[in-house]
Amino acid sequence: MKELYSKIILFISILSFVFSCTNDSNKSETVDLEEFLPQAKKEYNYKEDTVVQTEEHIPDSIELFIQSRISNSVFVQKEQLSNNKHFPDRLDFQQKYYHELTVDSVLYELAIWEFEDSLHTVNAFYNWMDCFGEKCKSLRIGESKWMYKGAFQLFVGDTKLIYIATKNNLNQLLWSDLFEPEIKQKWNYSLYQPLNRKVKWLELKEKDLVTAQ
């Protein structure tokens, strides 16, 4: 009996030893892969992959029209525009085009307002003549008067007001030819002020022409 007990003890001891060796072996096989992988020494620069997106400039119909007629016209980018305010901006217009451009090294300001009908256009024009420019000067129909420190040209149609101004000499024929009335009609009113001189009325309605005389 004693001998059997001793064998049992020996068998348990052998099992314990085998189990202990197996655990040690498993522990030794646990490996941290990061120890073998190469470590990056350079920080990644995300700016190198950043795509710089610039807003594409899409010319409007007026810009395309002028560029097709005046090859040396250069338009000022929208973010650089001074975008001066004028009296018709306060009124009920349907569409406005505003540009600044150079032609033959002369900087021009161009503003075009489109109205619903002739009644709205005439109303805007008459109100503008009552308060024209920064100093809000008034000008009667047909009156010759200095209005602007510079030169300007103004066309009045049935549904449009077209205003061109510059601090330099204005090429009056250039703009008159460019904005020639449709179907060879006349403008209802056409004003031109040379550089630092008095306004000239190039076109007037017949009833206004009689009154002006």
Side-chain angles (χ1 to χ4, degrees), residues 59-67 69-70 73 75-76 78 81-101 103 106-167 170-195 197-209 211-212:
D60 59 33
S61 57
I62 299 300
E63 187 173 348
L64 291 173
F65 170 69
I66 292 177
Q67 288 177 334
R69 298 285 297 274
I70 307 176
S73 59
F75 283 77
V76 176
K78 288 185 178 181
L81 292 177
S82 58
N83 201 10
N84 296 324
K85 300 296 181 181
H86 298 284
F87 189 90
D89 291 342
R90 314 174 195 174
L91 305 177
D92 186 24
F93 61 86
Q94 287 191 321
Q95 180 75 36
K96 178 187 177 183
Y97 300 92
Y98 183 86
H99 290 289
E100 293 173 16
L101 67 153
V103 180
V106 176
L107 178 63
Y108 291 97
E109 176 190 10
L110 169 65
I112 300 177
W113 297 268
E114 295 182 355
F115 297 88
E116 181 180 356
D117 51 38
S118 59
L119 183 62
H120 284 82
T121 308
V122 170
N123 180 63
F125 173 62
Y126 285 171
N127 279 278
W128 199 8
M129 291 300 97
D130 288 337
C131 184
F132 188 90
E134 295 179 357
K135 296 185 179 181
C136 200
K137 294 184 177 182
S138 62
L139 180 69
R140 298 192 308 271
I141 302 297
E143 181 182 11
S144 180
K145 186 177 181 180
W146 181 82
M147 299 292 292
Y148 175 73
K149 190 177 181 181
F152 76 86
Q153 196 162 0
L154 176 62
F155 302 101
V156 184
D158 288 339
T159 58
K160 287 182 181 180
L161 294 177
I162 302 176
Y163 176 73
I164 307 105
T166 177
K167 298 296 184 181
L170 186 147
N171 189 337
Q172 182 257 327
L173 293 178
L174 171 70
W175 298 103
S176 295
D177 290 342
L178 184 67
F179 293 113
E180 186 177 7
E182 299 177 0
I183 321 176
K184 300 297 181 180
Q185 293 178 352
K186 291 184 177 180
W187 292 106
N188 294 330
Y189 300 98
S190 176
L191 293 74
Y192 167 55
Q193 180 191 289
L195 183 63
R197 296 172 66 181
K198 294 182 178 181
V199 168
K200 298 180 181 181
W201 292 79
L202 304 180
E203 292 183 24
L204 279 169
K205 292 183 177 180
E206 290 185 4
K207 65 180 184 66
D208 294 321
L209 182 60
T211 305

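T121 places a side-chain N or O within 3.5 Å of a backbone atom of D158 that can act as its donor or acceptor partner. Within the 3.5 Å criterion, the main-chain N or O of W187 finds a donor-acceptor partner in the side chain of E203. Panel note: side chain W201, backbone E143; a donor-acceptor pair is recorded below 3.5 Å.
Other residues, nucleotides and ligands place more than 12 heavy atoms under 6.0 Å from the NZ atom of K96.
If you take NZ on K78 and CG on D60, they are separated by 6.5 Å, rounding to the nearest 0.5 Å. Interatomic distance, CG of N188 versus CG of L204, reported as 10.5 Å (0.5 Å rounding).
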Decide yes or no on side-chain contact (heavy atoms from CB on, under 4.5 Å) for L191 and M129, but give the supporting numbers first. CA-CA 11 Å; L191 293 74; M129 291 300 97; 4.1 Å; yes
Checking side-chain contact (heavy atoms from CB on, under 4.5 Å) for the pair I112/I62: CA distance, chi angles, key distance, verdict? CA-CA 9 Å; I112 300 177; I62 299 300; 3.8 Å; yes
Might you work through the side-chain contact (heavy atoms from CB on, under 4.5 Å) test for Y189 and L202, ending with a clear yes or no? CA-CA 7 Å; Y189 300 98; L202 304 180; over 6 Å; no
Check step by step if side-chain contact (heavy atoms from CB on, under 4.5 Å) holds for D92 and F115. CA-CA 7 Å; D92 186 24; F115 297 88; over 6 Å; no
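Side-chain contact between P88 and F125 is absent, with no heavy atoms from C-beta onward closer than 4.5 Å. No side-chain heavy atom of E114 sits less than 4.5 Å from a side-chain heavy atom of T159. Residues V103 and S73 are in side-chain contact: their nearest non-hydrogen atoms beyond the backbone lie under 4.5 Å apart. Y97 has its side chain out of reach of L110: every pair of non-hydrogen atoms, C-beta onward, lies at least 4.5 Å apart. Using a 4.5 Å heavy-atom cutoff, the side chains of T166 and L195 are not in contact.
Checked against the 6.0 Å centroid criterion, the rings of Y108 and W175 qualify as a close aromatic pair.
Taking every heavy atom of both residues into account, L161 and A124 meet most closely at CD1-CB, 4.0 Å. Smallest separation of non-hydrogen atoms from L101 and I66: CD1-CG2, 4.1 Å.
Aromatic ring pairs are classed by plane angle as parallel below 30°, tilted from 30° to 60° and perpendicular above 60°; the pair H99 and F75 is perpendicular.
In summary, of the residues considered (Y98, F87, W128), a ring-ring contact (aromatic ring centres under 6.0 Å, His included) with Y163 occurs for W128 alone.
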Validation: residues 145-155 side-chain donor-acceptor distances under 3.5 Å, sequence neighbours left out:
| from | atom 1 | to | atom 2 | distance (Å) |
| --- | --- | --- | --- | --- |
| K145 | NZ | S138 | O | 2.9 |
| W146 | NE1 | Y148 | O | 3.3 |
| Q153 | NE2 | S176 | OG | 2.8 |

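Under the 3.5 Å distance criterion, with hydrogens and angles disregarded, a donor-acceptor pair is assigned to the side chains of H86 and E109. In the model, H120 has no side-chain atom that pairs as donor or acceptor with a side-chain atom of N123 under 3.5 Å.
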